[in-house]
**Q** 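Here you go, one structure.
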Number of protein chains: 2
Amino acid sequence: MISDKKVNIINAAIKSFSHFGYKATTMDQVAKIAKVGKGTIYTYFSTKEELLKVIIHKMAVEMRKIATEAVTTGDDFVANFNAVLHAVTQFQEEHELIIKLSQEVKEIGTPEVIEALQDFENEICAFIEMKINLAIERGELKECNPKITAFLMYKMYINLVNDWKERYDSLDKDEIASLINLYFIHGIGSEE
Amino acid sequence: MISDKKVNIINAAIKSFSHFGYKATTMDQVAKIAKVGKGTIYTYFSTKEELLKVIIHKMAVEMRKIATEAVTTGDDFVANFNAVLHAVTQFQEEHELIIKLSQEVKEIGTPEVIEALQDFENEICAFIEMKINLAIERGELKECNPKITAFLMYKMYINLVNDWKERYDSLDKDEIASLINLYFIHGIGSEE
DNA sequence: CAATCGACCAAAATACTATTTTAGTCATAT
DNA sequence: ATATGACTAAAATAGTATTTTGGTCGATTG
């Protein structure tokens, strides 16, 4: 059974990281929000960095869970791909933390945060890669390098969610899903 | 006729920016490489930033020229798309400057460089957008939002050239061209 | 006299120091 | 046995002195 205090600490840290970023969050702050003594945090997490990594990892696990649940056995890759995209784009709060941390990386380049987000990317890409491999075996996708494909899918998602909105208006969830579907699965070459 | 000295200054600046980056390049340095007095630079360019912008703009113009020349009238979008990609990926020296400046943005975020690279991206994307529009009119591409499509094509290229190599081995020019062709034009959904 | 130059200057960047903040510890309290 | 918060060493920040550098302009030259 997971300690009540540990859960409080994690939630407090998520709240503070999302709000102020990693660097600007102090352990005193986290202790205060979690309503525990600062020392207590260190009985569960050895460093501030570990606290961040645990949170990011939990987030990746949860995304994987959400994605896995969105998959309908029997449906093909494309249908499931859209279902997963739709499910994943729902989780606004999870996204807030990731977006805040991404901003921090861009603005001040905190090394611990760079590493944590890299881990997150790797976990997500590994999951996509696995699904792509299965789909290729089943003949639902063309032969292609699964690692590169997973990487580009993830990046296209990020490009659409984070980078496009900096230039023009931000796109809504369904638009993003349908764009990835158009470009990635079907391609824009006219069929003959 | 363009002054000899102006050309020297531009070439000196390209060399120094590529080698040391924008911030670490001093105007004394540029003057020395160009073998002109520092004051002379200011008869051609009002500020260091303008010097950078002129160089970046020239580069965008040259890329557009290269791309335009690679296009064979009569060939369809896909064939020309590959020809352009191939031609563009040849220009190693031009790329070195852009890559160095991109690194500088990631590492120290020099505002003038952020802006200059943004301008470059906009010019390149505007060109791609125009070509996409033509191709859609001719029925060589499916209906799609040309601005988003151009943006994503450019980004995928950057993802492959810059970001992939940070994680794994860097890809060679032909690989990159064929990957973009695969994902973008054909898609990886299995044809039925 | 038109173009070039480089010593010069104000402003910005950097190095250095003093001060404050904070991650992490540990003796004490519950 | 656990939790705590005062404590400390190290890191971050603020403040200051020094150096560097973008940009000017009067002197120079062809």
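First the proteins, then the strands, lettered A, B, ... as listed; each starts at 1. All values below were derived from every heavy atom in this structure, side-chain atoms included, with hydrogens, water molecules and symmetry-related copies excluded.
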**Q** Checking contacts here: which listed nucleotide (D:dT4, D:dG22, C:dT25) is nearest the side-chain heavy atoms of A:Tyr42?
**A**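 Taking heavy atoms from C-beta onward, the closest nucleotide is C:dT25.
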**Q** Nearest whole angstrom, please: distance from the C1' of C:dA3 to the CG of B:Asn8.
**A** 15 Å
**Q** Take A:Lys35 and A:Asp28, find for each the nucleotide of DNA chain D with the closest heavy atom, and name the residue whose nucleotide sits nearer the 5' end.
**A**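 Nearest nucleotide further toward 5': that of A:Lys35.
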**Q** Would you say the side-chain atoms of A:Ser46 and A:Glu50 include a donor-acceptor pair closer than 3.5 Å?
**A**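 On atom types as modelled, these side chains qualify, holding a pair under 3.5 Å.
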**Q** For a quick check of understanding: with a heavy-atom distance under 4.0 Å over all strands, which category does B:Lys32 fall into, base, sugar-phosphate or nothing?
**A**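 Contact class for B:Lys32: none.
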**Q** Quick one: does NZ or CZ of B:Lys100 land under 6.0 Å from the six-membered ring centre of B:Phe17, within 45 degrees of the ring axis?
**A** no
**Q** Select base, sugar-phosphate, or nothing to describe what B:Lys48 touches, counting heavy atoms under 4.0 Å on all strands.
**A** sugar-phosphate
**Q** Write down the distance between CE (A:Met27) and P (D:dA3), rounded to a whole number of angstrom.
**A** 16 Å
**Q** Give A:Phe45 one of three labels, base, sugar-phosphate or nothing, depending on what nucleic acid heavy atoms sit under 4.0 Å from its own.
**A** nothing
**Q** What is the separation between atom NZ on A:Lys5 and atom C1' on C:dT30, rounded to the nearest whole Å?
**A** 12 Å
**Q** Using a heavy-atom cut-off of 4.0 Å across all strands, would you classify B:Ser46 as base, sugar-phosphate, or nothing?
**A**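 The residue B:Ser46 makes no contact with any strand.
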**Q** Closest-nucleotide mapping onto DNA chain C: is A:Tyr22 or A:Thr40 further toward the 5' terminus? I mean the 5' end.
**A**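 Nearest-nucleotide comparison on DNA chain C picks A:Tyr22.
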**Q** In terms of side-chain heavy atoms, does A:Thr110 have a donor or acceptor partner in A:Glu104 at a distance below 3.5 Å?
**A**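 Result is yes, a qualifying pair exists.
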**Q** Just checking B:Thr26: base, sugar-phosphate only, or nothing, at a heavy-atom cut-off of under 4.0 Å?
**A** sugar-phosphate
**Q** Within this structure, what is the NZ-to-P distance between B:Lys6 and C:dA3, rounded to whole angstrom?
**A** 14 Å
**Q** What is the distance, rounded to the nearest whole Å, between atom OH of A:Tyr44 and atom C1' of C:dG24?
**A**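 One finds 17 Å between C1' of C:dG24 and OH of A:Tyr44, rounded.
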**Q** Can you find a side chain N or O atom of A:Lys23 that sits less than 4.0 Å from OP1 or OP2 on C:dA23?
**A**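 No, outside the criterion.
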**Q** Is B:Glu166 atom CD crowded by more than 12 heavy atoms from other residues, nucleotides or ligands, each under 6.0 Å away?
**A** yes
